[in-house]
Each structure stands twice: as C-alpha cells, then as structure tokens.
Amino acid sequence: MTARERVIKTLEFDSPDRAPRDLWALPGVGMLRSEELEAVNRQYPSDFAGPGGRYGPSSVSRGNPAEVGTYVDDWACEWTVAEVGVVGEVKNPPLADWGRLDGWTPPWELLDNADLSGVNASCAATDKFVKTGTHVRPFERMQFLRGTENLFVDIMCQPEEFKELCRRIHEFNLRDIEMWAQTNVDAIGFMDDWGTQQTLLIDPELWRAIFKPMYKDYCDICKAHGKYVFFHSDGHIMSIYPDLIEIGMDAVNSQLFCMNIEEIGRLFKGKLTFWGEICRQHILPFGAVEDARAAVKRVRSALDDGTGGVIAQCEWGVRDPKENIEAVFEAWLEENEKETT
Amino acid sequence: MEELLEQLAVCVERGKVNAASPYPPDMKGEDGADELTKKALDEGIAPDDVLAKGLVIGMGRVGQKFSENKVFVPDLLMAAKAMSAGMAYLKPFFEAGEAHHKGVFIIGTVQGDLHDIGKNLVAMVVEGGGWKVVDLGVDVSPEKFVEAVSENDGCVVGLSALLTTTMVNMEKTVALIKKSAPGTKVVVGGAPLTAEFAEKIGADGYSADPQGALSFLDV
C-alpha cells in the first residue's frame with residue numbers, strides 16, 4: 001500500500017494498513033534541533049508531501065518570521081516575534097482604522113504571479129498524499145488586519161466596513177482555492193483558530209451566519225474538483241463539528257485533548273477523519289514517554305476502530321522532548337499491529 | 001434609584017455602550033451605560049453606589065455567564081466597553097477620593113510572551129468588578145512586576161501566559177515577587193495552565209477564566 005493509498009483509505013474509512021503519519025514541527029524545531037527532526041522523520045517517514053509550487057512574491061513583506069524582532073507579512077501586517085522559531089503576534093494591524101479600507105486590496109500579486117507549473121509533476125513523482133496549504137484563514141486574516149479586539153467588536157456590530165472586508169477577503173480566498181483545485185494535488189487545506197480552552201470564541205450561531213457560508217464555498221470548490229478538504233483549528237470546537245461535517249470537510253485537526261475525546265468519538269467517528277492530535281499543551285512538552293503512549297491509546301480507543309478515520313499526527317514544540325514524539329509514532333505502530341494480529 | 005442602577009447594570013451586561021451604538025440591535029436608540037451613568041450622578045446617586053450597584057453588577061452577570069460558556073468573548077468585550085463608558089464619569093470621583101476601588105490588581109503577560117487577549121479580558125472583568133487595574137502589558141520581566149508591586153502596597157498580581165514555552169517563566173516571576181514583597185498574592189492563568197502547575201510554581205491561585213480571577217480577588 002502506498003502512502004497515498006493509505007491516506008485515502010483512511011479518509012474513506014476503508015481499512016488502511018495503519019494510521020498515516022503526519023509530523024508537524026514548529027519552525028524552531030527545524031532551526032534549533034534539525035538533526036533530531038531529521039532523525040525522527042527518517043525513522044517515521046511521513047505519508048504526506050507538499051506540492052512544490054509557490055505563491056507570487058509579495059510587494060510588501062520584509063523581515064524573517066522566525067527571528068526575534070518584527071517582520072511584515074504578505075498582507076502588510078506587522079508581527080512581533082519574542083522567541084526564535086515561535087510564531088509571533090500582530091502588533092500593528094494595518095486596518096485598525098477603517099479609514100484605510102478604501103484603498104486597501106488583498107495581495108493579489110500572490111495569486112497573479114504564483115508559479116504552480118511544477119505542481120503536477122511533483123504530484124506524479126511521489127507516492128505520498130499531496131496536500132497543499134493556502135492563505136485561506138478568513139477569521140484570522142481579519143484579526144491580523146483589524147486587530148483581535150476590533151474584530152470581535154466588528155462581529156457584534158457588523159458595520160458596513162466589516163462586511164466589505166469579509167467580501168474582499170472571501171474573493172481572494174475563492175481564487176486561492178480555485179487555483180489549487182485546478183492542479184493534481186490530493187487535498188487542499190485551510191485554517192482558523194476558533195476555540196478557547198472551553199468553548200468557541202464567538203457564539204456558534206454567529207459563526208454559522210458569517211463564517212460557515214465562506215467555508216462551504218471553499219469546500220464546494222474542492223469537491224467539484226475531486227479534492228479532499230483538510231481544516232485546522234486550535235481550541236474547543238466541538239459545537240461546530242456537525243457543521244464542518246455538513247459542509248464537506250474530510251479531515252479536521254483540532255485540540256482533541258481540550259475536549260471530551262470519548263464523546264467526540266461517540267458523536268462523530270466515521271463521519272470525519274481526525275487529523276491528530278496528541279496534547280501539545282501538557283503531554284508532549286511536560287509529560288513522560290508513558291503519558292504520550294497512553295494518549296495515543298486513548299485516541300485510538302475513542303476514534304479509530306481499525307477502519308480509518310484517524311491520522312497519526314502530532315505537533316513538535318520547540319522544547320518538547322524528542323522521546324515523546326518518538327513515543328507517539330511507536331505507540332501508533334503498536335496499536336496498528338494489534339489490529340492486524 | 002434602584003431602577004436606574006438596574007438599567008445601568010443591564011446596559012453593561014448587554015454591552016450597550018451609548019445611545020448611538022447599534023449594539024445590541026434590540027436596544028437600538030436607547031440610552032446606554034454612558035448616558036445612564038451620567039444621569040445617575042446628576043441625580044445625586046453616590047459614585048460608590050453607581051459603581052457597586054450598577055456597573056459592577058452588570059459586569060459580574062456577564063462575567064458569570066462567560067465562565068458558564070453562556071456568552072462568548074465578543075460579548076465580554078462589548079460589556080467591558082459599556083463599563084468603560086460609565087467608568088469615565090467616575091474617574092474624577094476616584095481621583096478626589098469620593099469613590100473607592102476594592103484594591104489594586106497588577107496584571108501582565110510574562111516575559112517572552114506577546115499574547116494579550118486573555119490578559120485583557122481578565123483586566124476588563126476585574127476592573128468591572130471594582131478593582132483598580134494596573135496593566136503592565138505583554139513580555140513583562142519579573143523585575144518590572146516587582147517594581148509595580150513596590151509602588152502599590154497591598155496589591156494582588158495576575159500573571160498570564162499562552163504558550164507552553166513561556167508559562168515556565170511564571171515560576172521565576174512568582175519567586176521574585178514573593179522574595180521582594182512577601183505576602184503579596186499572585187494568581188495565574190492562561191490556556192496551557194492548570195491548578196497543579198500554579199501550585200507547583202508557588203502561586204496562590206489559578207483561574208481558568210476572568211470571573212474566577214475576580215472571585216479569587218474578592219475573597
């Protein structure tokens with residue numbers, strides 16, 4: 001079974017030979033612990049690959065997002081980074097003042113000058129499952145552009161400027177998704193962090209009114225082109241799982257350990273593939289190897305009965321012990337071996 | 001008097017800032033916390049009563065609902081905006097000693113961490129609970145916390161962190177505060193934190209949400 005077949009069987013609940021592997025590493029791991037990262041990737045090769053294309057060069061970005069200090073991203077948002085290799089925070093949102101919206105446009109040059117000419121060849125050259133990321137993160141994009149507190153007020157008051165900003169970002173996102181949908185990638189991914197530790201950041205009804213229709217449009221494009229849809233959100237998002245399933249998402253990465261994993265299994269197993277994860281707030285950074293192994297068993301027991309629906313994913317934080325990451329993948333192999341014996 | 005203060009509490013609870021505010025839609029055109037606070041003071045209601053029986057009541061209600069996951073972050077922010085509109089009228093009374101805070105709460109996000117939304121929410125709820133809040137901002141060094149403590153006798157300190165890499169910096173901050181100003185209470189919070197971690201680093205309290213922090217202070 002090739003890696004691509006394995007992932008597809010997982011997504012289709014068609015009894016893969018084992019849970020496919022997908023290790024995420026924060027930038028700092030690659031920068032500061034590259035040998036360890038390479039060793040783990042050698043021992044536990046990923047079943048996923050990237051597509052090899054690139055977006056067009058930005059006309060505004062400058063600086064290095066992985067270094068301490070400030071940098072400006074492709075959307076002209078100024079970030080401050082406090083620790084090497086750890087994602088920073090936007091401290092100078094360019095549209096904090098609605099007066100700047102009139103002349104503002106999304107960075108179309110990223111799409112207009114994108115070079116995807118090698119994507120189909122790279123898809124053909126690998127037997128791994130090719131998933132692309134995108135710029136699509138409408139909620140977070142508006143946070144970065146407006147500032148978080150401003151955006152929350154916008155969501156409640158819904159001024160015309162907010163609606164216009166939504167429209168422009170959505171237009172960009174539709175073209176972004178459309179662009180990738182016309183390639184031979186297997187899946188398209190997008191994201192937004194929606195949860196606190198306990199619940200959704202905003203009222204689920206507001207989420208359904210404002211953001212769900214956007215996500216549905218993205219899913220529709222993907223489905224029309226035969227692509228799988230992958231989505232990531234931090235936090236407790238149990239209240240919108242049914243919506244994510246309804247609009248056609250195939251795989252969702254969320255902080256399972258913020259939520260009731262067993263309840264998630266009871267409600268959603270077989271309807272959605274769980275794209276990881278293992279608790280990155282407590283177990284991976286501070287737990288013992290035994291804790292990491294037990295966490296895998298818990299996920300396996302709750303969400304995976306051997307027919308698929310779970311991807312063996314975890315995120316390697318910059319100070320997480322390598323042994324805990326290795327333990328996750330060891331435990332997944334053992335769990336899958338139990339299934340086959 | 002009671003009716004006016006109850007109206008004021010409702011405005012804070014619902015996030016009705018002023019008459020011009022379009023939010024919440026079902027209160028469009030009605031007076032908000034801005035107008036009602038001014039009216040209460042003009043009618044001669046004591047500033048301490050406006051605070052304790054109006055603004056604080058409203059903020060307490062929304063904070064409680066937030067801790068029960070019945071309202072969400074934007075609701076809390078709108079309530080805080082309404083609260084601030086009312087507090088602006090009380091400021092001169094605080095300065096003149098005619099209105100009184102329950103105490104001083106010093107808050108900041110610990111060194112190395114730039115996240116502020118959680119810290120800001122706690123600050124809003126605590127201020128809405130009648131405390132004077134000294135917000136030191138983000139990426140605050142242990143020394144800066146200690147300096148602020150030395151300038152505010154009897155204060156309580158709140159430490160925030162969002163990242164697993166920065167929550168460990170709390171321990172050093174707690175230790176330095178306890179060393180320089182023994183008896184100073186410290187409460188900690190943030191997404192990856194637990195009560196066990198708080199105890200381990202020597203903090204006096206942990207809260208998973210803003211209302212919990214206020215409850216810790218009010219005890």
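What you see is a predicted model; the values in this text were computed from it and never measured. The sequence lines fix the lettering, A, B, ..., with proteins before strands; numbering per chain opens at 1.
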Under 4.5 Å from any heavy atom of chain B - which part of A/Val81: backbone

message: Less than 4.5 Å to any heavy atom of chain A: does that hold for the side chain of B/Leu114, its backbone, both, or neither?
response: both

query: Do NZ/NE/NH1/NH2 and the carboxylate oxygens of B/Lys132 and B/Glu95 come within less than 4.0 Å?
result: no

- line: Shortest non-hydrogen pair, A/Val60 vs A/Ala76, comes out as CG2-N, 3.7 Å

- request: Can you tell which part of A/Ile155 gets under 4.5 Å to a heavy atom of chain B, answering side chain, backbone, both or neither?
  value: neither

message: Does any backbone or side-chain atom of A/Val318 lie under 4.5 Å from a heavy atom of chain B? Answer side chain, backbone, both or neither.
response: side chain

task: Nearest 0.5 Å please: distance from the CZ atom of A/Phe144 over to the CG atom of A/Leu95.
output: 13.5 Å

message: Ring centres under 6.0 Å, that's the criterion: do B/Phe66 and B/Phe72 meet it?
response: no

- prompt: So, does B/Asp204 use its side chain to make a donor-acceptor pair with the main chain of B/Val186 at under 3.5 Å?
  reply: yes

task: State, to 0.1 Å, how close B/Ala161 and B/Pro192 come at their nearest heavy-atom pair, and which atoms those are.
output: O-CD, 3.7 Å

- request: Check each atom of B/Val71 against the heavy atoms of chain A and say whether the ones under 4.5 Å are side chain, backbone, both or neither.
  value: neither

statement: Closest non-hydrogen contact found for B/Leu176 with B/Pro142 is CD2-CB, 3.6 Å

message: Please check this pair: side chain of B/Lys102 against backbone of B/Asp218, looking for a donor-acceptor N/O pair closer than 3.5 Å.
response: no

query: What part of B/Leu121 is in contact with chain A, defined as an atom under 4.5 angstrom from a non-hydrogen atom: side chain, backbone, both or neither?
result: neither

message: Looking at B/Lys39, I'd like to know if its NZ atom is crowded, meaning that more than 12 non-hydrogen atoms belonging to other residues, nucleotides or ligands lie closer than 6.0 Å.
response: no

Can you pull out the donor-acceptor contacts between chain B and chain A, under 3.5 Å, including backbone atoms?
from, atom 1, to, atom 2, distance (Å)
B/Val73, N, A/Leu201, O, 3.1
B/Leu114, O, A/Lys91, NZ, 2.6
B/His115, NE2, A/Glu89, OE2, 3.4
B/Asn120, ND2, A/Glu149, OE2, 2.6
B/Thr165, O, A/Arg319, NH1, 2.9
B/Thr165, OG1, A/Glu83, OE1, 3.2
B/Ala191, O, A/Gln197, NE2, 3.1
B/Pro192, O, A/His282, NE2, 2.7

